Visitor: 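Quick one: this structure, given as structure tokens, is what I'll be asking you about.
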There are 2 protein chains.
Amino acid sequence: MDGRIKFRHLQTFIEVARQKSVGRAAEALALTQPAVTRTIRELEDYLGVDLFEKEGRGIRISRFGEVFLRHAGESIGAVKRGVDSIAQARNSMGPPLRIGALPTASATFLPDVMVDFLKAGTGSLVTIVTGENRWLLDALRLGDLDLVVGRLAAPERMTGLQFEPLYSEEIGFAVRAGHPLLSRRNFSLSELAHYIVLMPTQGSVIRPFVDRFLLTNGIADLSNTIETVSDSFGRAFVERHDAVWIISRGVVFPEIQSGRIALLDIDSSETRGAVGLTMRADAAPTLSLSIMVNTIREHLKVAGRVL
Amino acid sequence: MDGRIKFRHLQTFIEVARQKSVGRAAEALALTQPAVTRTIRELEDYLGVDLFEKEGRGIRISRFGEVFLRHAGESIGAVKRGVDSIAQARNSMGPPLRIGALPTASATFLPDVMVDFLKAGTGSLVTIVTGENRWLLDALRLGDLDLVVGRLAAPERMTGLQFEPLYSEEIGFAVRAGHPLLSRRNFSLSELAHYIVLMPTQGSVIRPFVDRFLLTNGIADLSNTIETVSDSFGRAFVERHDAVWIISRGVVFPEIQSGRIALLDIDSSETRGAVGLTMRADAAPTLSLSIMVNTIREHLKVAGRVL
DNA sequence: GTATTACATACCAGAACGGATATGAATTTT
DNA sequence: AAAATTCATATCCGTTCTGGTATGTAATAC
């Protein structure tokens, strides 16, 4: 790569591409028009191609510009994220432990595990974040998280990561206690269409399992669906309406115990999948991370959980 | 982001992190040791944190450094890729059309389509590249490819992309003509374990389908497996040995026609999936891209293919 | 204690950087 | 045809950059 390329060149290039005008870009960047022109000229010189073409009395991005634009955006985006990550890391002083939790974990064993872990007295600060699977795994890969607890993601999303299974669970069809479908003996899956159905969002780990299950059972499209990852929303909604909530069984485990929510009697063995710990494959684990991992293992050995 | 950060800072930082030594990094970068030290100091200053800590008479990367390292690598990697892309784009003059082809497409209709397309006389240069699904889709998203032809990828890999289905196909279990399993009437899937099995690699689109199918049918692990994406290898291997090749039916379609390869009689309807065109969702398609897409559509309408 | 190793700091000088202003050239508008 | 718009080019100038050399300091080795 040509060492003369500076971030300034990328910034300017991106701005011109966005504004489709040298003049406006100059204004946006608080520079004069010739300064912008020259910066673009330099970048074109370094790259050996024209990034823009003249069109009338304006400009238009060239095919080279088009391809370079995406990479340029990637590049400055990466640094921005890097700076942000550091800012975040600085706020949480100490040797911090950052855990990404998928819903099935955060609703079940994770709270108990945390108690045990804090008792172990490592003195480390622990952060627990929730979010979409894709985002969590990216953060893990980039070192912004140390551990992700939840369902095993699709294999192609796991490069550079390692997975340690803890137990396996199925997806369940959760409804409020006293729901009409509960009293029916042999109901058909197609009857789901009569109710509002809460689905996991597209980005979630379990969504492909759900899609596949529905397809396999000939359910083409459910019209009344709400996509949500918020389990607090799901819980509240299902308890108040006759909706059906398609969700990891672990998420509603406490409510099933207490009898407020029940599962429809559906054979969902096809949706069984492993729940466990996802970590970076490369780096050696921190001390506190090892302790956390051990605590989780121990806890589940005692609880002996199967869903 | 602090505008004072230069690529030079990132380069130097990465080198020091890699070498775990200021002196060695200086040598690798053809600089003096103080120059490297100062560059690191500057970067630390801009970021507001220490990237390295003293350890004995050497240094060790700090937790902040660890985090920033990955992002820094991302950033310069992006620019490098951008420059490479341009270099590639320059070699193929004209308004080029870059197509990523998954095996099932490149073995079947794509060659014929290309003939039709060139006859249309757009004069555009066409490049066809093959590779792992993940890589192809990333390249598509970044604008290094215009079109990917093949199986629909998992939904979470499709952000920013749109898919147009052409036909659907199943995965097949291909063996040489005269293979022992062909004469058996009702054989069990578990007998596969007696033969060498060629599997698609982890990164491929169809691997999840295969895994799921095997799991569903209680095949835990096949011991004698070879993972390959090379269909030339697969073809050669299967014709010479009693191996079983798990592959998209389209890939072996010509050989089945000619009778050199046959499919085992296994109900693999569960593995049915859509084959089609994947394009960027945003940008308006080029003229030559539209023509190509139309050519493919027309061709398949005539061929009326179902596998 | 002395030597050695490895990084840190201070200071210097030429190169380049990065902005400005003034002006030119091509197109479109009036 | 003249005016207006938009980008390109030329030249200038203070500042920052980025390398160097010389030297300091802390930890380890002998």
Side-chain angles (χ1 to χ4, degrees), chain A residues 1-62 64-66 68-69 72 76 79, chain B residues 1-62 64-66 68-69 72 76 79:
Chain A
M1 181 191 104
D2 195 314
R4 292 169 300 178
I5 300 178
K6 307 265 167 62
F7 282 115
R8 181 175 59 90
H9 293 107
L10 305 186
Q11 301 260 27
T12 308
F13 166 60
I14 289 171
E15 194 58 41
V16 173
R18 183 156 45 206
Q19 303 277 2
K20 301 180 204 302
S21 153
V22 176
R24 280 200 298 278
E27 197 173 359
L29 294 166
L31 294 173
T32 56
Q33 170 261 313
V36 171
T37 294
R38 191 159 62 110
T39 302
I40 296 294
R41 256 327 84 72
E42 285 170 1
L43 183 55
E44 288 178 334
D45 193 37
Y46 303 156
L47 294 174
V49 294
D50 284 357
L51 265 5
F52 297 96
E53 294 160 1
K54 314 187 64 160
E55 182 182 51
R57 61 186 181 192
I59 53 159
R60 187 191 49 201
I61 193 161
S62 76
F64 298 113
E66 201 114 35
F68 191 67
L69 178 57
I76 63 168
V79 183
Chain B
M1 181 189 107
D2 194 314
R4 291 170 300 178
I5 300 178
K6 307 265 171 60
F7 282 115
R8 182 175 58 91
H9 294 107
L10 304 187
Q11 300 261 28
T12 308
F13 166 60
I14 289 170
E15 194 57 43
V16 173
R18 183 156 44 206
Q19 304 276 2
K20 301 180 203 302
S21 151
V22 176
R24 280 199 298 277
E27 196 172 1
L29 294 165
L31 293 174
T32 57
Q33 168 261 313
V36 171
T37 294
R38 191 159 61 109
T39 302
I40 296 295
R41 261 321 90 71
E42 285 170 0
L43 184 54
E44 288 179 336
D45 194 37
Y46 303 155
L47 294 174
V49 295
D50 285 357
L51 264 6
F52 297 96
E53 294 159 1
K54 316 188 60 162
E55 182 182 53
R57 60 187 181 190
I59 54 160
R60 187 189 49 201
I61 194 161
S62 76
F64 298 113
E66 200 114 36
F68 191 68
L69 178 58
I76 62 167
V79 183

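What you see is a predicted model, and the numbers here were worked out from it, not measured in a lab. Because only heavy atoms are used, hydrogens play no part in the values below, and waters and symmetry mates are left out as well, while side chains stay in.
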Visitor: What is the separation between atom CG on A:L31 and atom C1' on C:dC17, rounded to the nearest whole Å?
Guide: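 The answer, rounded to whole Å, is 13 Å.
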Visitor: Can you check the B:E42 CD to C:dA8 C1' distance for me, whole Å?
Guide: 14 Å
Visitor: Throw together a table of side-chain donor-acceptor distances under 3.5 angstrom for residues 45-52 of chain A, partners on residues two or more places apart or in other chains.
Guide:
none

Visitor: Round to the nearest Å and state the distance from B:I5 atom CD1 to C:dC17 atom C1'.
Guide: 18 Å
Visitor: Measure from CD on B:E44 to C1' on C:dA8 and round the result to the nearest Å.
Guide: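 Going from CD in B:E44 over to C1' in C:dA8 covers 11 Å.
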Visitor: Rounded to whole angstroms, how far apart are CZ on B:R8 and P on D:dT16?
Guide: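 B:R8 atom CZ is separated from D:dT16 atom P by 15 Å.
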Visitor: Rounded to whole angstroms, how far apart are CD1 on B:I61 and C1' on C:dC7?
Guide: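 Nearest whole value for this atom pair: 16 Å.
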Visitor: Quick one: pull up CD in A:E42 and OG1 in A:T12 and give me the separation to the nearest 0.5 Å.
Guide: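 Between A:E42 CD and A:T12 OG1, I get 9.0 Å after rounding to 0.5 Å.
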Visitor: With sequence neighbours left out, write down each residue that passes side-chain hydrogen bond (donor to acceptor under 3.5 Å, both in side chains) with B:R24, or none if nothing qualifies.
Guide: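 Per chain and number, B:R24 pairs via side-chain hydrogen bond (donor to acceptor under 3.5 Å, both in side chains) with no residue.
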Visitor: For A:A72, which residues count as a side chain to side chain contact (heavy atoms under 4.5 Å, CB included) partner, sequence neighbours excluded?
Guide: A:L10, A:F13, A:I14, A:F68
Visitor: List the residues meeting side chain to side chain contact (heavy atoms under 4.5 Å, CB included) with A:T37, not counting sequence neighbours, and say none if there are none.
Guide: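 Once residues adjacent in sequence are excluded, the partners of A:T37 under the side chain to side chain contact (heavy atoms under 4.5 Å, CB included) criterion are A:V22, A:Q33, A:R41.
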Visitor: Roughly, in whole Å, what's the span from CZ in B:F52 to P in D:dA26?
Guide: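 Atom-to-atom, B:F52 to D:dA26, this comes out as 21 Å.
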Visitor: Of all the choices, D:dC17, C:dA20, D:dG20, which nucleotide is nearest to the side chain of B:K6 once you look at every atom?
Guide: D:dC17
Visitor: Between A:H9 and B:A35, which is nearer to the 5' end of DNA chain C once each is assigned its nearest nucleotide?
Guide: B:A35
Visitor: Among all residues two or more places apart in sequence or in another chain, which pass the side-chain hydrogen bond (donor to acceptor under 3.5 Å, both in side chains) test with B:T39?
Guide: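 Scan of B:T39 (side-chain hydrogen bond (donor to acceptor under 3.5 Å, both in side chains), adjacent residues dropped) gives B:R8.
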Visitor: Quick one: what's the B/S/- string for nucleotides 7-14 of chain D, heavy-atom cutoff under 4.0 Å, read 5' to 3'?
Guide: BBB-----
